[in-house]
Colleague: 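Pasting a structure below so you can have a look.
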There are 2 protein chains.
Amino acid sequence: MKAGGGKHTRNAEEYVCDVQCIHPDLVEELEKNIIDGDTASELSQIFRVMSDPSRLRIISLLSKGELCVCDIADALNMTQSAISHQLRVLRNTQLVKFRKEGRVAWYSLDDDHVLKLFTTGLDHVGHTEP
Amino acid sequence: MKAGGGKHTRNAEEYVCDVQCIHPDLVEELEKNIIDGDTASELSQIFRVMSDPSRLRIISLLSKGELCVCDIADALNMTQSAISHQLRVLRNTQLVKFRKEGRVAWYSLDDDHVLKLFTTGLDHVGHTEP
DNA sequence: TGAATAGATGAACGCATACTCATATATTAT
DNA sequence: ATAATATATGAGTATGCGTTCATCTATTCA
């Protein structure tokens with residue numbers, strides 16, 4: 001650690017703290033279980049994308065089926081531009097896919113994981129999907 | 001919608017677009033399926049908390065058991081202050097809980113949903129937990 | 001061909017937030 | 001009581017991001 005700290009280990013019923021010594025066994029044990037920084041960053045991106053209310057509502061809509069941009073904009077009462085920007089974010093992170101039909105772009109969820117994350121999250125906040 | 005837009009509906013095999021008219025059936029259908037703004041905000045908070053690499057690594061560590069602040073700081077090679085700030089965020093959103101034992105604070109995950117979100121996320125990025 | 005429309009996108013503004021630094025609080029040891 | 005330790009926290013700074021506004025491309029219609 002870099003500031004203000006010591007080091008603790010469980011030792012039967014008592015907790016031993018010491019600043020200078022590091023307990024290699026615990027550290028090693030811990031370090032096996034840490035996801036590395038790259039994985040953490042990669043993972044954080046998915047959650048980051050799902051951490052915006054507008055994007056969640058888009059996902060909520062798309063969980064029911066394919067929709068075009070202006071349907072979404074209308075349903076959420078947001079500008080086409082705002083929706084389009086958000087859809088790009090969702091596209092870039094592979095959470096949604098789309099197909100072009102004339103000048104209409106139809107969007108849909110790309111992955112079941114997204115839906116699972118969404119419903120698990122809803123579960124967590126104590127709501128259930130309609 | 002507020003800018004640049006029309007309105008589309010699936011109509012058998014053809015898609016009808018019209019700007020001024022709103023198709024009440026589709027809108028109504030959609031609006032039943034939208035999570036409301038409050039729910040979206042509430043849900044976004046959980047994902048927001050899980051959208052930071054440092055917090056994810058903390059969660060990763062705590063998924064293996066109870067740890068004190070300086071254990072975490074040491075394992076992640078971050079300052080005690082930074083960890084403490086992040087733990088407060090995790091505490092305030094009920095993702096972790098803690099107990100005080102003397103001057104040592106032992107933290108652990110508060111909820112199985114957290115772990116489920118974490119592992120589902122890892123699944124999504126194609127990693128599996130060690 | 002020219003007008004209208006669906007959507008995409010760059011710039012800019014405002015707000016949120018992760019970390020650092022300094023310091024405060026609470027507990028243990030001497 | 002005094003010193004040391006474990007953690008918490010406020011202020012400040014830098015970075016990231018969501019939305020708006022203006023504009024651009026591509027497609028359809030007249």
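First the proteins, then the strands, lettered A, B, ... as listed; each starts at 1. Values in this document were obtained by computation on a predicted structure and should not be read as measured data.
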Colleague: Measure from the side-chain N and O atoms of Ser84(A) to the backbone N and O of Ser81(A), and report whether any donor-acceptor pair falls under 3.5 Å.
Modeller: no
Colleague: Evaluate the ring planes of His113(A) and His124(B), with Trp represented by its six-membered ring, and classify them as parallel (under 30°), tilted (30 to 60°) or perpendicular (over 60°).
Modeller: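 It falls in the perpendicular class, over 60°.
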Colleague: Which residues pass the side-chain contact (heavy atoms from CB on, under 4.5 Å) test with Asn92(B), sequence neighbours left out?
Modeller: Arg88(B)
Colleague: Starting from P on dG18(D), measure out to CZ on Phe47(B) and report it in whole angstrom.
Modeller: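 Value for this atom pair: 15 Å.
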Colleague: Working to the nearest 0.5 angstrom, can you tell me the gap between Ile59(A) CD1 and Ser54(A) OG?
Modeller: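 Those atoms lie 11.0 Å apart.
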Colleague: Quickly work out the Asp71(A) CG to dA6(C) P distance and round it to whole Å.
Modeller: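 Checked: the CG to P distance equals 11 Å.
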Colleague: Look up atom CD in Gln94(B) and atom CD1 in Ile46(B), then write down how far apart they are to the nearest 0.5 Å.
Modeller: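 Gln94(B) CD to Ile46(B) CD1: 9.0 Å, rounded to 0.5 Å.
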Colleague: Any donor and acceptor pair, going by atom type alone, linking the side chain of Ser63(A) with main-chain N or O of Ser60(A) inside 3.5 Å?
Modeller: yes
Colleague: Of the residues in residues 83-96 of chain B, which ones touch DNA chain C at a heavy-atom distance under 4.0 Å?
Modeller: His85(B), Gln86(B)
Colleague: Rounded to whole Å, please give me the gap between CE in Met78(B) and P in dT7(D).
Modeller: 15 Å
Colleague: Please report the interatomic distance OG(Ser51(B)) to CE(Met50(A)), rounded to the nearest 0.5 Å.
Modeller: 11.5 Å
Colleague: Would you tell me if any nitrogen or oxygen in the side chain of Arg55(B) comes within less than 4.0 Å of OP1 or OP2 on dA18(C)?
Modeller: yes
Colleague: What's the closest nucleotide to the side chain of Arg48(B) if the choices are dC17(D), dT17(C), dT20(D)?
Modeller: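 When the side chain of Arg48(B) is considered, dT17(C) is the closest of dC17(D), dT17(C), dT20(D).
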Colleague: Can you check nucleotides 27-30 of chain C for protein contacts, nitrogen or oxygen pairs under 3.5 Å, and list what you find?
Modeller:
unit_1, atom_1, unit_2, atom_2, d
dT27(C), O2, Arg103(B), NH1, 3.4

Colleague: Does Tyr107(A) put a side-chain nitrogen or oxygen below 4.0 Å from OP1 or OP2 of dA8(C)?
Modeller: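 Result: yes.
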Colleague: Any donor-acceptor pair under 3.5 Å joining the side chain of Gln80(A) to the base of dA8(C)?
Modeller: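 Answer yes: a donor N or O sits under 3.5 Å from an acceptor.
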Colleague: Measure CZ/Arg57(B) against P/dC19(C) and give the value in whole Å, please.
Modeller: 11 Å
Colleague: Taking only side-chain nitrogens and oxygens of Ser81(B), does any of them come within less than 4.0 Å of OP1 or OP2 of dT20(C)?
Modeller: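 For dT20(C), neither OP1 nor OP2 has a side-chain N or O of Ser81(B) closer than 4.0 Å.
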Colleague: Measure the distance from CH2 on Trp106(A) to C1' on dG7(C) and round it to the nearest whole Å.
Modeller: 13 Å
Colleague: Rounded to whole angstroms, how far apart are CZ on Phe98(B) and P on dA26(C)?
Modeller: 13 Å
Colleague: Can you measure Arg99(A) atom CZ to dA6(C) atom P for me and round it to whole angstrom units?
Modeller: 17 Å
Colleague: Is there a donor-acceptor pair closer than 3.5 Å between any side-chain N or O of Arg48(B) and the backbone N or O of Asp52(A)?
Modeller: no
Colleague: Report the distance from atom CG of Asp52(A) to atom C1' of dT19(D), rounded to the nearest whole Å.
Modeller: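 Roughly 10 Å, once rounded to whole Å.
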